[in-house]
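Here the structure is laid out as structure tokens; the discussion comes afterwards.
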Amino acid sequence: MPAAVPEKPSLDGLEQRWAARWEEAGTYRFDRGAERSEVFSIDTPPPTVSGSLHVGHVFSYTHTDTVARFWRMRGKAVYYPMGWDDNGLPTERRVQNSYGVHCDPSLPYEAGFTPPGPDAKHPVPVSRANFVELCHRRTEEDEGAFEQLFRHLGLSVDWSTIYTTIGEKARRISQLSFLRLLDQGHAEQRWAPTLWDVDFQTAVAQAELEDRETAGAYHRLRFDDIEIETTRPELLAACVALVAHPDDARYAGRFGSSVRTPLFGVEVPVLAHELAEPDKGSGIAMICTFGDVTDVIWWRELKLPVRSMVGRDGRVPADPPDGVAADGPFAELAGKTLKQARARVIEMLAESGEMVGEPRPITHPVKYFEKGDRPLEIVTSRQWFINVLDRIKVLKARGSELRWHPAYMEARYQNWADNLNADWLISRQRFFGVPIPLWYPVGEDGEPDYRQPLRPRDEALPIDPSTDVPDGYSPDQRDQPGGFSAEPDVMDTWATSSLTPQIACGWSVDDDLFARTFPMDLRPQAHDIIRTWLFSTVIRSELQHQSLPWSDAAISGWVLDPDRKKMSKSKGNVVTPLPLLEQYGSDAVRYWASSGRPGTDTAFDEDQMRNGRKLATKILNASKFVLGLPAADGAAGAPAPIDLALLARLAGVVDEATVAFEGYDYARALERTESFFWDFCNDYLELVKNRAYGGGADGAAALHSLHRSLSVLLRLFAPFLPFVTEEVWSWWQEGSVHRAAWPTSGEVDAGAGAGPLVLETAAGVLGHVRRAKSEAKVSQRAAVERVVVRDSPERLAALRLAESDLRAAGSITALVLEEAGDPSVAVTLAPPA
RNA sequence: GGGCGCUUAGCUCAGCUGGCUAGAGCACCUCCCUUACAAGGAGGGGGUCGGGGGUUCGAGUCCCUCAGCGCCCACCA
């Protein structure tokens, strides 16, 4: 039984009350029996739980929720899981800081280990297993906080379908997918120069790079009679050649000859390559192995030797590169950081007279790991890659096949695909991640044979090769001659995140669910991770299923602070969301979020939240009024023309909102609905309230139209304001509004002859009457002696159909209608009593 | 250097396939404690729709161009 209309309706406490009832009733539970065609599945972005909760989460997750609620009301079985991204570097760092530990994989597991805590002066080294255990403990707490926030916000997530990116299911799927790629030749290891972060001591992928304008200086160095300019004089000992453009007349005669490097006196060839730019520096560059990615290209294409002098720790190694004397100038560099080495090289060059002039300061773009603080170096190492360069064409085609909202976001995808120049490096020399599930046989010489990886059986997954043992070996053979060694690397977090559709839909672990939910319908995400998360997810789905992972991608913008700056922890302008939800109410905050159009960055705006609260209150009060009107005792008469006009307009709004939602434009759907609602309250409600009070057949007709409108309005608002609409729905309807059918224009269509003019003209005259009273500084209740309306015959005819409602609403004694070409409304107030 | 987006009232933004005197919220001003709503309601002032050119009977809306802002990307000499 529906509850009665409360005497004094309130927004307070709706969140707790309804969140509990929805949970209890399973309102948002996914129907496991639904066929794929009846399902709408959403690849919810798993938030990084080691990051702080901020208002951006509320913003974008609300967008997705409105769409989920819309499709649920449209009768779809909505598969709306939640994931927590607790994998990878951010968690490692958080664990190190909050527990005072650091990972040392060489240590054995220590049962019952108690970490020192955040105040520890020196981090305690712990085994990988202990470290991972702490990561799990930490993330569980963080995940609880996120769930609490999202429940309070009213996300219609099915909370029984949670996954984590470090959980067993995700590890299994991630490892199995990797092994499949390995089987199919899409994944392979290479010993290759890769971009390397000397602080994190790991390789990084192209997608994780960013350029930063960095201060540097040109140093002009003399190689015999040729002068080159370089920003990296410290790499001089790693120089393997000079290079100029083949058409550059200045050096044409020198190609094929050789020169000696300054300080070290190593003989290097002078070569030609088209990437050399004649107008950069002196037009001729030194190639070092490796100073930048161009060096890598030159080294590869010109088939040059390697002279490496950058260690994984960012220091110059003790041993000199090939051809460089150990006891010469190099001895002064060994063991130094690159920065120290640079200073010393410059001094030595100045002393030897091989530097021309003074260094010339410049700023130039330098590549950094997006989470790193020092420029990336290039280090040759063994790494695992997923091949993508051989598939750019099909990946671009998939990008076009995907429906983007807004459409222009596709350009970022295509742009990225066009500029990709490296395969996807997925191995990371880190600890908290999904291990690459391989071992290598160790030869009698004690060296692992990387060409013959040992793989686990599928059923054994997930595994950790550092503790698990390959079939046919015993634990004591680990790292022994004739035994086996674990692959030490873990996969990058994107290598697992790129599988969220497979993880959420249960690929390889729940084939039935997978068949009902994949390919998914919607990937909602922010625009800054198109090149990473979206692109990599498309890659995995293409390689594994030869299909798109979803049909639609809805790209949300960012929340900007009032000064139009992106909110981020480092800027210290992050707003914590829970207090906002408590202050304004979840519906109000959702209202603000819903006003941010797809793809558009939106300013944090508490005024909009106040406005949202006002709207929610208005819905409460208007509903109370409509539902509190005396019930008709007899049969309803025919609807008045003004009722039909209202319903006709509402039908139009329903159609607009529906089309908008189908195109993921939730903001438009809200705007249309809200705009109608205020007119409904201000004009229609005022015009018909007297008739509705009056009872009888005419009153019953008004009541009927009011109820119908209210029912439709509550359903139109339900995706945005789930709490207040559910509250009002419960006063007079059975079941949840969130399980009610999305309205259709057919259900409200008043049929032919329901022109909008009746309402429009009546509301127009009522507006004039209000203005007259306002200007006369009298109460809106004041009586009006006479209103003269001059207008076209058509409009007057329409107005006449609403005459009694209008006169009652405006307290108008005489309403005079006169035909005229020049429309006007004259209001004569009654003299004060 | 390439690409994308934005530029409409003081502020934040709507204006979809071009069409009646350009809209909303906030802010500001005036009035009203009207039996749905005073943590309300009614009304008002305020914009040559970034500049210039073009297409059209008609352009905030389409085309060209210039400018400013923002974002994405780019092989660090």
Side-chain angles (χ1 to χ4, degrees), chain A residues 5 8-9 209-212 214 216 218-219 228-232 242-244 275-277 280-288 291-298 362 364-368 375-376 378 406 408-416 418-421 527-528 530-531 557-558 560 562 564 566 592 595-597 599-608 610-615 617-629 656 659-660 663 665 667-668 671-672 674-675 678 681-682 685-686 689 693 766-767 769-782 811:
Chain A
V5 181
K8 191 75 188 165
L209 308 182
E210 65 183 30
D211 283 1
R212 296 184 199 157
T214 303
Y218 277 128
H219 304 77
I228 64 105
E229 287 201 314
T230 179
T231 56
R232 307 220 38 196
L242 299 188
V243 64
L275 274 181
E277 291 176 37
K280 225 168 182 177
S282 58
I284 186 162
M286 73 170 180
I287 304 174
C288 302
D292 62 35
V293 293
T294 316
D295 282 343
V296 177
I297 297 170
W298 280 326
I362 53 155
H364 58 161
V366 175
K367 287 202 186 307
Y368 287 75
L376 291 170
I378 294 175
Y408 62 75
M409 285 294 176
E410 186 195 339
R412 300 203 185 189
Y413 175 103
Q414 299 295 355
N415 201 296
W416 177 250
D418 286 334
N419 287 307
L420 250 196
N421 54 33
H527 54 62
D528 56 331
I530 288 174
R531 67 169 177 171
W558 285 333
L560 307 177
R564 313 288 309 157
K566 187 195 175 187
W592 159 75
S595 66
R597 308 188 100 73
T600 306
D601 295 344
T602 300
F604 175 73
D605 187 355
E606 292 193 54
D607 281 341
Q608 278 293 85
R610 286 187 192 95
N611 202 37
R613 186 167 180 90
K614 215 169 102 177
L615 173 63
T617 304
K618 191 78 176 177
I619 289 173
L620 224 43
N621 285 317
S623 301
K624 176 195 158 195
F625 174 62
V626 168
L627 297 175
L629 287 167
E656 279 186 281
V659 167
D665 194 352
R668 186 177 177 81
E671 193 268 323
R672 301 312 304 156
E674 187 191 0
S675 166
W678 286 108
C681 291
N682 294 340
L685 218 47
E686 292 299 328
K689 72 200 295 187
Y693 265 132
L766 184 60
V769 171
R770 284 172 177 157
R771 189 186 317 179
K773 291 177 181 177
S774 202
E775 281 169 359
K777 302 184 194 291
V778 298
S779 157
Q780 289 296 325
R781 206 167 41 163
S811 310

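Contact between A:Gln608 and A:Ser595 at its shortest, heavy atoms only, is NE2-OG, 3.7 Å. Nearest approach of A:Met286 to A:Arg232, heavy atoms of both residues: CE-O, 3.5 Å. Heavy atoms only, all atoms of each residue included: A:Tyr368 and A:Leu376 are closest at C-CD1, 3.5 Å. Here the closest non-hydrogen pair linking A:Ala622 and A:Cys681 is CB-SG, 3.9 Å.
A:Gly291 comes within contact range of at least one nucleobase, with a heavy-atom separation under 4.0 Å. A:Gln608 comes within 4.0 angstrom of sugar-phosphate atoms only, judged by non-hydrogen atoms across all strands, and of no base. Residue A:Arg668 is classed as a base contact, given a heavy-atom separation below 4.0 Å to a base. Within 4.0 Å (heavy atoms only), A:Leu376 reaches at least one base atom of the nucleic acid. Residue contacts for A:Arg610: at a heavy-atom cut-off of 4.0 Å it reaches no nucleic acid atom on any strand shown. Among the atoms of the strands shown, base atoms are found under 4.0 Å from some heavy atom of A:Leu275.
For B:C57 and B:G46, the P atoms lie 34 Å apart once the distance is rounded to whole Å. Nucleotides B:C28 and B:G10 have their C1' atoms positioned 9 Å apart, rounded to a whole Å. As rounded to the nearest Å, B:C63 and B:A22 have C1' atoms that lie 23 Å from one another. Between B:G53 and B:C76, the two P atoms lie 41 Å apart (nearest whole Å). Taking atom C1' on both nucleotides, B:C62 is separated from B:U55 by 8 Å, rounded to a whole Å. Rounded to whole Å, the separation between the P atoms of B:C20 and B:G70 comes to 35 Å. For the P atoms, the distance from B:G68 to B:G51 is 15 Å, rounded to whole Å. For the P atoms, the distance linking B:C11 with B:G47 amounts to 13 Å, nearest Å.
Not a single side chain to side chain donor-acceptor pair (under 3.5 Å) links A:Ser675 to another residue, sequence neighbours left out. With sequence neighbours left out, the side chain to side chain contact (heavy atoms under 4.5 Å, CB included) criterion links A:Arg597 to A:Thr600, A:Asp665, A:Ala667, A:Arg668. For A:Glu410, the salt bridge (Lys or Arg N to Asp or Glu O under 4.0 Å) criterion is met by no residue, not counting sequence neighbours. Taking A:Asn415 as the reference, A:Asn419 meet the side chain to side chain contact (heavy atoms under 4.5 Å, CB included) condition, with sequence neighbours excluded. A:Asp418 meets the salt bridge (Lys or Arg N to Asp or Glu O under 4.0 Å) test with A:Lys396; sequence neighbours excluded. Take A:Glu210 and apply the salt bridge (Lys or Arg N to Asp or Glu O under 4.0 Å) test, not counting sequence neighbours, and it matches A:Arg212. By the salt bridge (Lys or Arg N to Asp or Glu O under 4.0 Å) test, A:Lys367 pairs with A:Asp211, sequence neighbours left out. Every side chain to side chain contact (heavy atoms under 4.5 Å, CB included) that A:Asp295 has, sequence neighbours left out, goes to A:Ile287, A:Cys288, A:Phe290, A:Asp292, A:Trp298.
Relative to the side chain of A:Asn421, the nucleotides B:G25, B:G15, B:C75 differ in distance, and B:C75 lies closest. Closest to the A:Trp678 side chain, of the nucleotides B:C76, B:G41, B:A42, is B:G41. The side chain of A:Thr231 has B:C76 as its nearest neighbour among B:C76, B:G40, B:A14. Among the nucleotides B:U12, B:A74, B:G43, the one closest to the side chain of A:Asp605 is B:U12.
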Would you give a per-nucleotide map of nucleotides 31-38 of chain B, 5' to 3', where B means the base has a protein non-hydrogen atom under 4.0 Å away, S means only the sugar-phosphate does, and - means neither? SS-B-BB-
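Two residues are said to be in side-chain contact when any heavy atoms from C-beta on lie closer than 4.5 Å; A:Asn611 and A:Glu674 meet this criterion. For the pair A:Phe625 and A:Asn621, the minimum side-chain heavy-atom distance is 4.5 Å or more.
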Strictly under 3.5 Å: I want the nitrogen or oxygen pairs between protein and nucleotides 44-46 of chain B, one per line.
unit_1, atom_1, unit_2, atom_2, d
B:G44, OP1, A:Arg771, NE, 3.0
B:G44, OP1, A:Arg771, NH2, 3.1

Can you check nucleotides 1-4 of chain B for protein contacts, nitrogen or oxygen pairs under 3.5 Å, and list what you find?
none

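As rounded to whole Å, 10 Å separates atom P of B:G40 from atom CG of A:Asn611. Across the protein-nucleic acid pair, A:Glu210 atom CD and B:C71 atom C1' stand 14 Å apart, rounded to whole Å.
Classification of the A:His527-A:Trp558 ring pair by plane angle, with boundaries at 30° and 60°, yields tilted.
For RNA chain B, the stems formed by at least three consecutive Watson-Crick or G-U pairs, with both atom-pair distances below 3.5 Å, span B:1-7 with B:67-73, B:10-13 with B:23-26, B:28-32 with B:40-44, B:50-54 with B:62-66.
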